[in-house]
Amino acid sequence: MSLSAYIIENEKVFKGAQDIKYLFMPASKPSKHLIVVFSGFNGKEEEGVLPYYNYVKYLKDIDCHRLFILDQCLGHPCYYLGHNKKLDYEVSVASLIYSISNEYKIMRKNIMTAGSSKGGSAAVYFALKYDFGHVIAGGFQFKVGEYLYTTKRYTRQTVLKVITGGNTPGHRDYLDRIYVDLAEKGTYTTNINVHVGSGDSHYDKHIKPFIGILQKRNIPYNLDVQDYSEHGKVGVYFSQYLIDQVSNITGQLVIKEAAITNENQMISVSCSVPQDSKEPVHFAYYVFKQGQTDPVKKVSYSPSAKLRYKVEHPGKYSVKVFVKKGDQKVAKRTPVIEV
């Protein structure tokens, strides 16, 4: 089943103060962790394009409970807050999170919130307000009112108005204060993890003011700054940061990528896993030729995350990568490549 078909088949609606569309992917075995992922803008809300779930494919191999929640109030984004200052959407989202965490007996300290851009704003908001254990946020808006007021006509005239009931400077300032007051006055013990591009305008306008408040309050945080400037690239970089952080928090071994290339009949495979200095990671490889059941080559476990294999007979090949750390073992197959 494709990922899109899986989402369509498993999407549900939570009935609360507002109806909330969500996708829940339970762990395949008992897990004490839940990650809640919030969605960013898709860029076409003004055209009526429906919101979609973020980072599902990146978290599908992390075997903890995963909850993806959409953001749509009266047909528009509301930053998971609600309509006309009522915070009715927030109440429903919180109820949904607690409903699932209670069902699976997940402690608040083991709830992670995550998202980038608008989704990152929501992740920070819910983690700090409800004192969840961890937040993993990328390139998010901290001064949400200012962002909506200045970005474009749609965000000012529609989104800001949906949330606050108006689009004047007063409504802008009201929305900004929600986040600033939470950061300045909230009593939270959340483990805060923030990612941003060094040249992304969100770094200066939003991340630095947020970090400044944490520093004044002597609240610890982790900041990851990568070398890119376009805010539109945040998803590419944040997806890898997200996997690293979730893997570190849960202790789960996961293969981020198994890449394969061919040059002069030499197959090269590289495997990427989250960095972990606590336990050594070992890799093994099975090389398969299409049309044959048994592997044409087996390479035993070693510390090497790379494989080079000289192909003797032309054809289509793929490699199954095995990774182990302690008593954990995972595997991932590369795409098929013609050699």
Side-chain angles (χ1 to χ4, degrees), residues 3 6 23-37 53-68 101 104-107 109-116 123 132-138 191 193 195 222 224 226 235-260 267-288 295 297-309 318-335:
L3 194 56
Y6 177 89
L23 171 70
F24 179 60
M25 301 173 69
S28 64
K29 55 180 181 269
S31 173
K32 64 181 182 179
H33 290 98
L34 167 67
I35 180 167
V36 183
V37 184
Y53 301 100
N54 288 169
Y55 304 113
V56 178
K57 73 175 182 178
Y58 296 102
L59 294 174
K60 64 182 178 64
D61 294 329
I62 296 279
D63 199 19
C64 70
H65 303 296
R66 291 142 293 175
L67 174 62
F68 305 85
S101 63
Y104 288 89
K105 297 179 174 56
I106 299 167
M107 300 176 68
K109 69 178 183 179
N110 290 325
I111 296 177
M112 301 166 275
T113 63
S116 60
F132 294 141
H134 309 269
V135 58
I136 309 164
N191 173 31
N193 304 281
H195 162 88
N222 301 304
D224 175 64
Q226 294 295 324
V236 175
Y237 289 86
F238 179 72
S239 60
Q240 301 306 305
Y241 179 73
L242 175 63
I243 295 172
D244 284 346
Q245 296 308 308
V246 175
S247 176
N248 290 336
I249 292 167
T250 62
Q252 291 245 336
L253 176 61
V254 63
I255 298 174
K256 294 167 63 176
E257 183 182 31
I260 183 170
I267 287 177
S268 295
V269 175
S270 60
C271 183
S272 173
V273 299
Q275 296 297 314
D276 185 356
S277 59
K278 298 176 184 177
E279 269 190 290
V281 179
H282 291 85
F283 305 83
Y285 306 89
Y286 282 12
V287 181
F288 290 89
K297 178 70 175 179
K298 293 182 179 181
V299 179
S300 300
Y301 280 106
S302 78
S304 178
K306 296 182 182 295
L307 168 73
R308 286 175 62 79
Y309 172 71
S318 65
V319 177
K320 190 170 185 179
V321 183
F322 302 86
V323 183
K324 68 177 181 179
K325 180 181 72 172
D327 59 357
Q328 295 188 70
K329 292 183 180 180
V330 293
K332 190 180 186 77
R333 196 146 186 167
T334 70

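The first residue in the sequence is number 1, and the count goes up from there.
- Ser272 places no side-chain N or O within 3.5 Å of a backbone atom of Lys256 that could act as its donor or acceptor partner.
- To the nearest 0.5 Å, the span separating CD on Gln226 from CD on Gln240 amounts to 10.5 Å.
- Screening Tyr286, Phe283, Tyr301 for a ring-ring contact (aromatic ring centres under 6.0 Å, His included) with Phe322, the sole residue that qualifies is Tyr286.
- By the ring pair (Phe, Tyr, Trp, His ring centres under 6.0 Å) test, Tyr104 pairs with Phe24, His65, sequence neighbours left out.
- Residues Ile249 and Ile136 have side chains in contact (heavy-atom distance under 4.5 Å, counting atoms from C-beta outward).
- Looking at heavy atoms from C-beta onward, Ser31 lies out of side-chain contact with Asp63 at the 4.5 angstrom threshold.
- Side-chain contact check for Ile111 versus Val36: some heavy-atom pair is nearer than 4.5 Å.
- Closest non-hydrogen pair, Pro280 versus Lys325, comes out as O-CG, 3.6 Å.
- More than 12 heavy atoms of other shown residues, nucleotides or ligands fall within 6.0 angstrom of atom NZ in Lys332.
- For the pair Ala123 and Gly115, the tightest heavy-atom approach, listed with the atom from each and the gap, is CB-N, 4.0 Å.
- Shortest non-hydrogen contact noted between Phe238 and Ser116 is CD2-CB, 3.9 Å.
- Met25 has its side chain within reach of Tyr6: a pair of non-hydrogen atoms, C-beta onward, lies under 4.5 Å apart.
- Inter-residue side-chain proximity for Val299 and Val287 is flagged as unmet; no heavy-atom pair is nearer than 4.5 Å.
- The CG atom of Leu3 sits 12.0 Å away from the OH atom of Tyr53 when rounded to the nearest 0.5 Å.
- Residues meeting the side-chain hydrogen bond (donor to acceptor under 3.5 Å, both in side chains) test with Ser101, sequence neighbours left out: none.
- Residues Val319 and Tyr309 form no side-chain contact, since every pair of their non-hydrogen atoms from C-beta on lies 4.5 Å or further apart.
- Note that CG of Asn191 is 13.0 Å distant from NZ of Lys109, once rounded to the nearest 0.5 Å.
- Arg66 places a side-chain N or O within 3.5 Å of a backbone atom of Lys60 that can act as its donor or acceptor partner.
- Surrounding CZ of Arg308 are at most 12 heavy atoms belonging to other residues, nucleotides or ligands under 6.0 Å away.
- Asn193 CG to Tyr241 OH: the interatomic distance, rounded to the nearest 0.5 Å, is 4.0 Å.
- Between the side chain of Ser239 and the backbone N or O of Val236, at least one donor-acceptor pair lies under 3.5 Å.
- Applying the ring pair (Phe, Tyr, Trp, His ring centres under 6.0 Å) rule to His134 yields no partners; only residues at least two apart in sequence or on another chain are considered.
- Scanning both residues, Pro303 and His282, for their nearest heavy atoms gives N-CD2, 3.7 Å.
- Contact record, Leu307 with Tyr285: CD2-CB, 3.7 Å, taken as the closest heavy-atom pair.
- Under a 3.5 Å cut-off, the side chain of Ser247 and the backbone N or O of Leu253 do not form any donor-acceptor pair.
- Looking only at side-chain heavy atoms (C-beta outward), Leu242 and His195 stay at 4.5 Å or farther from each other.
- Annotation: side chain of Ile267 is in contact with side chain of Ile260 (closest heavy-atom distance under 4.5 Å).
- When all heavy atoms of Ala331 and Ile255 are compared, the closest pair comes out as C-CD1, 3.7 Å.
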